[in-house]
Engineer: 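Dumping the structure here so I can ask a few things about it.
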Amino acid sequence: MHWDRVALAAVLVSVAVLVGLHVRDHPSLSHIDELQHMDYTLKSPFHVPRHGDTIGTEAMEEAACRGIAYPLRLSIDALNDWLHLTGERGVPLLSPASVVQVQLPPCGSLLLAPDQFPNSGLNTASPHPPVYYTATALGGTVIESAPGVDSPVTGARLVGILWLGAAAIVLWYVLGSLGASIWTKALLIGLLVVSPTVLHESSIINPDTTALLGGALVLGAALRWEAGRAPGWLLPLAALVAVWFKFTNSVAVGAAVVYLAVRAWQQRDSLTRRQVRSWSVVAGAAVILTVASIITWSSVQDARGHISAEQLPTNAIYQVDSFQWDNLGDELFSALTPLRDPFVADTLPRDLLEPLGDLINLLVIAGLGSVALFAAKGSNHRALAGAAAVGMVATGVVTMVASYLTLGIYFDTNPRYGLSLLPFAVAALVPALDNRLIRWSVTAVVLATAGAVLAGVAA
């Protein structure tokens, strides 16, 4: 037990160091709508933006001084789309992360107006529930008083350490309940922590920061209830918490339902009718609370809004006249790999981290395949691998259908929407790391990726 806690403490220190250094060395706002999420956080907990609200003065001042880090490599199609929408080089009215550069006002300018910023200065984060923003604002206020923290935005960004650290703690005990050794737990969590995608999301103001924690809570609740160590209401409660962090965390709820369905099938000869009914009630309650939460908050924001959700720039750009059947096949695999295509800050060695990020992604996917094929028949690891794989394949299609039915839009599903499935994935990989070659290979990848990050910030 002593060494278990020491190892967990080492993981948490690693989280603090990696996220803290990233925040310190990359002050520019992320292209993943961090400006809007920052504004939401700065106004919390006393104000929740409505559809049509513009960003405030404090957010504009931060953006003007920090700048926005857009990806350097853009497709010709993305560039053409942007030029078509704006008609000139400058601040885009609509910005689906396809902008070459944004000519923001100079730092310290006394003449700031929302229309000088992306998306005409509208706060496009208004559809999201306020739980993440409120918690981050309160945590950031405390951290802001620490030495070396220069602004509320830096304080809010550093709250990412707490979100990722909490996810690591929950996942540590979840993996332990599945029989993982200390080394295995450290490696699997380390594999997530050092991945460029998770590191970036955890170092900016963005509700995707909550994905790993939300997924770990749902997974832990499902496993504890299945083992008879928790009441039936725990899984619906965990689902409620995860979804109110961010709606895309609902894919973890779907994975939990698939996992329980597979486990029920594996045990079909021994389950009584009463047990089947109990499993159905628990899974059904989790799904109902998830759907009800999304509908309720969306309805509240629609009623409060100055404009409809369809008129928000990030939705208006994707309006379509009909369901895009031609893209359905692509969506089947769009979120199959939630760690793919990572964004690497320009302060880090991109030539090293992008290949290492792709390698981590391949390790997770290959590991899921091997567990699904070779794990013991009827094992919960095989069920977890199946649930993670089904969730990853279904995420794109579910997002596509839901977006069309609710808003009449279509966009390529971003892989980060599947981040809450990663706790299921790494939990499934526990038996794979019993193999010495695999264990040492994963160790080498984790250390190489962490080393590349540290070398970048040190330089």
Side-chain angles (χ1 to χ4, degrees), residues 19-20 22-24 26-70 91 95 97 102 104-164 200-210 244-247 297 300-301 304-307 312-314:
V19 174
H22 191 286
V23 171
R24 184 199 69 178
H26 190 67
S28 299
L29 299 180
S30 171
H31 66 289
I32 308 177
D33 294 335
E34 189 179 8
L35 169 58
Q36 289 76 24
H37 298 300
M38 176 183 69
D39 180 63
Y40 198 151
T41 302
L42 291 173
K43 293 174 179 175
S44 296
F46 303 108
H47 175 73
V48 175
R50 304 181 182 190
H51 300 334
D53 278 359
T54 55
I55 58 176
T57 301
E58 190 174 9
M60 289 189 287
E61 290 174 346
E62 288 280 357
C65 292
R66 289 174 177 268
I68 299 177
Y70 285 99
V91 178
S95 59
V102 175
L104 297 173
C107 181
S109 173
L110 299 178
L111 302 174
L112 293 176
D115 60 8
Q116 296 172 300
F117 295 84
N119 297 305
S120 297
L122 293 177
N123 190 321
T124 55
S126 57
H128 298 298
V131 175
Y132 161 78
Y133 302 97
T134 299
T136 300
L138 294 175
T141 300
V142 175
I143 294 175
E144 188 185 354
S145 62
V149 180
D150 57 0
S151 75
V153 174
T154 301
R157 279 180 155 195
L158 289 172
V159 177
I161 295 173
L162 303 181
W163 288 111
L164 186 54
H200 180 67
E201 298 297 335
S202 301
S203 305
I204 63 174
I205 303 174
N206 190 303
D208 288 313
T209 306
T210 68
W244 278 93
F245 283 159
K246 191 184 180 188
F247 290 157
W297 179 251
V300 167
Q301 285 299 79
R304 296 178 68 235
H306 306 298
I307 60 176
L312 290 172
T314 46

Engineer: So which heavy atom on Ala69 is nearest to which on Ser28, and how close?
Structural biologist: CB-CB, 4.0 Å
Engineer: Please check this pair: side chain of Ser120 against backbone of Asp115, looking for a donor-acceptor N/O pair closer than 3.5 Å.
Structural biologist: no
Engineer: To the nearest 0.5 Å, how far apart are OG1 in Thr314 and CG in Asp33?
Structural biologist: 6.5 Å
Engineer: Walk me through it: do Glu34 and Arg157 pass the test side-chain contact (heavy atoms from CB on, under 4.5 Å)?
Structural biologist: CA-CA 10 Å; Glu34 189 179 8; Arg157 279 180 155 195; 2.9 Å; yes
Engineer: Can you tell me how far CD1 of Ile55 sits from OH of Tyr40, rounded to the nearest 0.5 angstrom?
Structural biologist: 16.0 Å
Engineer: Please test Ile204 against His37 for side-chain contact (heavy atoms from CB on, under 4.5 Å), starting from the C-alpha separation and ending with a verdict.
Structural biologist: CA-CA 9 Å; Ile204 63 174; His37 298 300; over 6 Å; no
Engineer: For the residue pair Pro105 and Ala64, what are the closest heavy atoms and their distance?
Structural biologist: O-CB, 3.5 Å
Engineer: Does Trp244 use its side chain to pair, donor to acceptor, with the backbone of Pro130 at less than 3.5 Å?
Structural biologist: no
Engineer: Are the side chains of Leu42 and Pro152 in touch, meaning some heavy atoms are under 4.5 Å apart?
Structural biologist: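 Yes, at least one pair of side-chain atoms sits under 4.5 Å.
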Engineer: So, the side chain of Asn123 versus the backbone of Asp39: is there a donor-acceptor pair under 3.5 Å, distance only?
Structural biologist: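 Judged by distance alone, no pair lies under 3.5 Å.
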Engineer: Do any side-chain atoms of residues 140-150 form donor-acceptor pairs under 3.5 angstrom with protein atoms, and if so which ones, sequence neighbours left out?
Structural biologist:
unit_1, atom_1, unit_2, atom_2, d
Thr141, OG1, Ala137, O, 2.8
Ser145, OG, Val142, O, 2.6
Asp150, OD1, Thr154, OG1, 2.7

Engineer: State the OG1-CG distance between Thr41 and Asn206, to the nearest 0.5 angstrom.
Structural biologist: 9.5 Å
Engineer: Check salt bridge (Lys or Arg N to Asp or Glu O under 4.0 Å) between Glu62 and all other residues, then give those that pass, not counting sequence neighbours.
Structural biologist: Arg66
Engineer: Just how far is it from atom CD1 of Ile68 to atom CG of Leu104, taken to the nearest 0.5 Å?
Structural biologist: 5.0 Å
Engineer: Hey, what do you get for CZ (Arg50) to CZ (Arg304), rounding to the nearest 0.5 Å?
Structural biologist: 5.0 Å
Engineer: Begin from the C-alpha positions of Asp53 and His47 and carry the test side-chain contact (heavy atoms from CB on, under 4.5 Å) through to its verdict.
Structural biologist: CA-CA 11 Å; Asp53 278 359; His47 175 73; 3.4 Å; yes
Engineer: So, for Thr54 and Lys43, which heavy atoms are closest and what is the spacing to 0.1 Å?
Structural biologist: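 Heavy atoms only, the tightest pair is O-NZ, 3.0 Å.
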Engineer: Heavy-atom distance under 4.5 Å between the side chains of Pro313 and Thr124, does that happen here?
Structural biologist: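 Answer yes - side chains close enough.
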Engineer: Could you pull out the closest heavy-atom pair between Thr136 and Ala156, with the gap in Å?
Structural biologist: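 Result for this residue pair: CG2-O, 3.5 Å.
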Engineer: For the residue pair Thr134 and Pro45, what are the closest heavy atoms and their distance?
Structural biologist: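 Heavy atoms only, the tightest pair is CG2-CB, 3.5 Å.
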Engineer: Apply side-chain contact (heavy atoms from CB on, under 4.5 Å) to the pair Tyr132 and Lys246, showing each step before the final yes or no.
Structural biologist: CA-CA 8 Å; Tyr132 161 78; Lys246 191 184 180 188; over 6 Å; no
Engineer: Could you tell me the separation between the CZ atom of Phe117 and the CG atom of Leu112, rounded to the nearest 0.5 Å?
Structural biologist: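 Spacing of CZ (Phe117) from CG (Leu112) equals 5.0 Å.
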Engineer: Is the closest side-chain heavy-atom distance between Gln301 and Pro127 below 4.5 Å?
Structural biologist: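 Contact flag for Gln301/Pro127 side chains = no.
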Engineer: Show your working on side chain to side chain donor-acceptor pair (under 3.5 Å) between Ser30 and His200 and close with a plain yes or no.
Structural biologist: CA-CA 9 Å; Ser30 171; His200 180 67; 3.0 Å; yes
Engineer: Answer whether the closest heavy-atom distance between the side chains of Ser202 and Trp163 falls below 4.5 Å.
Structural biologist: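 No, too far: nothing below the 4.5 Å cut-off.
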Engineer: Can you name the nearest heavy-atom pair linking Gln36 to Asn119, along with the distance?
Structural biologist: NE2-ND2, 3.5 Å
